[in-house]
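Contents: one structure, followed by commentary.
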Amino acid sequence: MPLISHAKDAKLYATDGNSWIDAISSWWVTTHGHAHPRIMAAIRDQSEKLDQLIFAGWTHEPAETLAAELVRITPAPLTRVFFSDSGSTSVEVALKMALGYWFNIGEARSRILVLEHSYHGDTIGTMSVGERGVYNRAWQPLLFDVDTIPFPHEGLEQTTLDALEAACLQKPAAFIVEPLILGAGGMLIYPAWVLAEMRAICARHGVLFIADEVMTGWGRTGTRFACDSAGVIPDIVCLSKGLTGGALPLAVTLCIEPIFAAHLSTDRAKTFYHSSSYTANPIACAAANANLEIWRDEPVQQRIDALADAQAAHLSLLSHDRRVQNPRRLGTIAALDIVVADSGYLSNLAPRLIAFYRDRGVLLRPLGNTLYVMPPYCTTPDELAQVWDAIGASLDILGGSPG
C-alpha cells in the first residue's frame, strides 16, 4: 500500500519517490487540485484564529459568510442552511427535515421514495434509501422500508415517470435522487428532461423533492450543480465533497422556507434535533469560503468545459472497441463497462485493474466492471492522456480484439 507524503494539483507523491495521477479526485472530492494555494492559505489563516466552536447557540464569521454565499448562489427558494460534516450526514439531515416537516404540520406522511441503484451514504438512514446488496446485507435488520422507482434506462423513461406518478398518489413524504448520474450505482446517466419531469410530478402531488448533490455538485456534471442543467429547484439539496474543494470534510443541507418554518416554534418539541461536535467547523468553513472565491475569481467553468471536451475525445477512441460497452460521459465524468463474465460489484476484475493502473502511475478504482475517470479540473492534457493510455493497455491484458 503506497504511503503518500504529499500531493499537488492532480498528482499524489509517495515517500519512495513514486507518483500517481489522481484520476478519481480521491473519491470525487478534489475539484481544483490538491493543495490549492488559496484554500491552503485560508486554512492556515483560520487555524491561527479559531479552530473549533460549539455551533449550538454560538456562531462565527466563516460559517455566517459561507451560509450567506450558499444562499446567494443557489435558487431563491433555498433560503436555509444546515451544517454537518459529511455527505452521509447531509442526507440524514435531509431525511429528518422531510419527516419532521410532515410531523410538525400534522400530516401522517412517512414513506420515502428512492431511485433504483442509488447510493446516498453508509449511515443507517442513508443505507436505507440506497440500493440493497452485499455491501449492506449484514445491517438489513436495521434498515427501514422504502418504495423504489425503476431507473430511467434509455427507452424506459416513461415507465419510471409512470411509476413515480403512481407512488406519489400514495402521499409519501419525499423522493430522493442523485440528479442526472448515479455514482456508486455504476455511473448510470439519465437525461435532464427526466429529472425535470420527476421534479414536476413531485410538485404536483406535494411530495418533497430531495436532490443529493454530494457527488454531482461543484461542476462534476458540467454545471455548478446538476439540477442547474435541468432547471430544477429541489425542496432540499445536499452538498459536500467539493464544498471545500476537497480539502476538509464539511457538508450542508439547504431547504426551502416552509420546512424551516415547520420546525420554528416556541414549542421545543418541534425543535430540529440534530447536531454534531464538528458542525460548521471554522477551519472547514474557511476552506469552503476559499473554494467559493475560486469559483468567483478564476475561470473554473472554462477548466470544466475543457476537461469535459478532452474526456469526450479520449472516450470516443474506445467507442467502437468490442471489449467495452456503453461508453458514456456527463460533464467531466467519463465511464465505460468492460465486457467480462465476472461483472458484479465484488468482481475479481476490479482489484486486478487497480493494481495494474497503480503500476502505471494512475489512481483508478473501478466499480465492479464499470471503469470511470473523474479527475480534478486542473488535470493537464498529458496527464489525462496517461490515464487513458493506461486504460487502453488494461483492455489489452484482458484479451480479445478491439475491432
Polar side-chain atom of Thr332 near backbone of Ala308 as donor-acceptor pair, under 3.5 Å: no
Side chains of Ile39 and Ile294 in contact at under 4.5 Å (non-hydrogen atoms): yes
Side chains of Leu208 and Trp102 in contact at under 4.5 Å (non-hydrogen atoms): yes
Side-chain heavy-atom pair Leu292, Trp218 within 4.5 angstrom cut-off: yes
Main-chain N/O of Leu180 paired with Tyr190 side-chain donor or acceptor, under 3.5 Å: yes
Under 3.5 Å: donor-acceptor pair, side chain of Tyr278, backbone of Leu53: no
Pro150 backbone acceptor or donor facing Thr160 side chain under 3.5 Å: yes
All side-chain contact (heavy atoms from CB on, under 4.5 Å) counterparts of Asp337, not counting sequence neighbours: Gln325, Asn326, Arg328, Asn369, Thr370
Exercise: identify the closest heavy-atom pair between Leu66 and Ala288: CD2-CB, 3.6 Å
Criterion salt bridge (Lys or Arg N to Asp or Glu O under 4.0 Å) on Asp9 and Lys11, from CA distance to verdict: CA-CA 6 Å; Asp9 298 330; Lys11 298 290 286 290; over 6 Å; no
Under-4.0 Å salt bridge between Asp235 and Arg199: yes
Considering all heavy atoms, the nearest Thr31-Gly242 contact: CG2-CA, 3.9 Å
From Gln386 atom CD to Trp20 atom CH2, the distance as rounded to the nearest 0.5 Å: 12.0 Å
Pair Lys96-His274, side chain to side chain donor-acceptor pair (under 3.5 Å): steps then yes or no: CA-CA 9 Å; Lys96 291 172 70 173; His274 188 101; 2.9 Å; yes
Side-chain (Asp228) to main-chain (Phe225) donor-acceptor, under 3.5 angstrom: yes
Which atom of Glu157 lies closest to which atom of Pro191, heavy atoms considered: OE2-CG, 4.5 Å
Any donor-acceptor pair under 3.5 Å from Arg323 side chain to Leu395 backbone: yes
Trace of the side chain to side chain contact (heavy atoms under 4.5 Å, CB included) decision for Asp359 with Tyr357: CA-CA 5 Å; Asp359 289 343; Tyr357 299 134; over 6 Å; no
Backbone of Pro375 reached by a side-chain donor or acceptor of Thr379 within 3.5 Å: no
Heavy-atom closest pair, residues Ile124 and Ser128: O-OG, 2.8 Å
Contact check, side chains of Asp305 and Gln302, non-hydrogen atoms, under 4.5 Å: no
Six-ring centre of Phe260, Arg80 cation under 6.0 angstrom, axis tolerance 45°: yes
Criterion side chain to side chain contact (heavy atoms under 4.5 Å, CB included) on Ser84 and Ser276, from CA distance to verdict: CA-CA 7 Å; Ser84 59; Ser276 169; 5.8 Å; no
Between Ser47 and Asp51: side-chain donor-acceptor atoms closer than 3.5 Å: no
Met374 side, atom CE; Leu307 side, atom CG - distance, nearest 0.5 Å: 11.0 Å
Val81: which of Val71, Thr253, Leu239 passes side-chain contact (heavy atoms from CB on, under 4.5 Å): Val71
All salt bridge (Lys or Arg N to Asp or Glu O under 4.0 Å) counterparts of Glu69, not counting sequence neighbours: Arg72, Arg296
Reported OG-to-NZ distance for the pair Ser25 and Lys241, which is rounded to 0.5 angstrom: 10.0 Å
Residues that Phe83 engages under ring-ring contact (aromatic ring centres under 6.0 Å, His included), provided they are two or more places apart: Phe55
Taking every non-hydrogen atom, the tightest pair across Ala312 and Arg329: CB-NE, 3.3 Å
Reported CD1-to-CG distance for the pair Ile4 and Leu363, which is rounded to 0.5 angstrom: 8.5 Å
Non-hydrogen side-chain atoms of His120 and Met127 separated by less than 4.5 Å: no
Side chains of Gln170 and Asp147 in contact at under 4.5 Å (non-hydrogen atoms): no
Aromatic centroids of Phe82 and Phe272 separated by under 6.0 Å: yes
Polar side-chain atom of Asp212 near backbone of Glu178 as donor-acceptor pair, under 3.5 Å: no
Worked verdict on Arg360 versus Asp389 for salt bridge (Lys or Arg N to Asp or Glu O under 4.0 Å): CA-CA 9 Å; Arg360 282 152 185 79; Asp389 285 347; over 6 Å; no
Test log, rule side chain to side chain contact (heavy atoms under 4.5 Å, CB included), inputs Leu364 and Ile354: CA-CA 6 Å; Leu364 285 170; Ile354 290 171; over 6 Å; no
Side-chain donor-acceptor contact under 3.5 Å, Glu116 with Thr148: no
For Thr216, all residues meeting side-chain contact (heavy atoms from CB on, under 4.5 Å), sequence neighbours excluded: Pro179, Ile181, Glu213, Thr221, Ala226
Rounded distance (nearest 0.5 Å) linking atom CZ of Arg352 with atom CG of Leu398: 5.5 Å
Under 3.5 Å: donor-acceptor pair, side chain of Thr30, backbone of His34: no
Pair Thr89-Asp85, side chain to side chain donor-acceptor pair (under 3.5 Å): steps then yes or no: CA-CA 7 Å; Thr89 54; Asp85 51 12; 3.0 Å; yes
Sidechain-backbone polar pair: Asn291 side chain, Leu243 backbone, donor-acceptor under 3.5 Å: yes
Ala163 versus Ile149, closest heavy-atom pair with distance: O-CD1, 3.9 Å
Atom pair CG (Leu371) and OG (Ser394), whose distance is rounded to the nearest 0.5 Å: 6.5 Å
Pair Lys49 + Asp45: basic N to acidic O under 4.0 Å: yes
Qualifying residues under side-chain contact (heavy atoms from CB on, under 4.5 Å), relative to Leu188, sequence neighbours excluded: His117, Phe151, Leu182
Stepwise side chain to side chain donor-acceptor pair (under 3.5 Å) test for Glu165 and His205: CA-CA 8 Å; Glu165 187 91 47; His205 295 281; 2.5 Å; yes
For Gln140, side-chain contact (heavy atoms from CB on, under 4.5 Å) partners two or more places apart: Arg132, Asn136, Leu143
Heavy-atom side-chain proximity of Ile24 to Val373 below 4.5 angstrom: no
Test side chain to side chain contact (heavy atoms under 4.5 Å, CB included) applied to Phe209 and Val177, step by step: CA-CA 8 Å; Phe209 189 88; Val177 299; 3.6 Å; yes
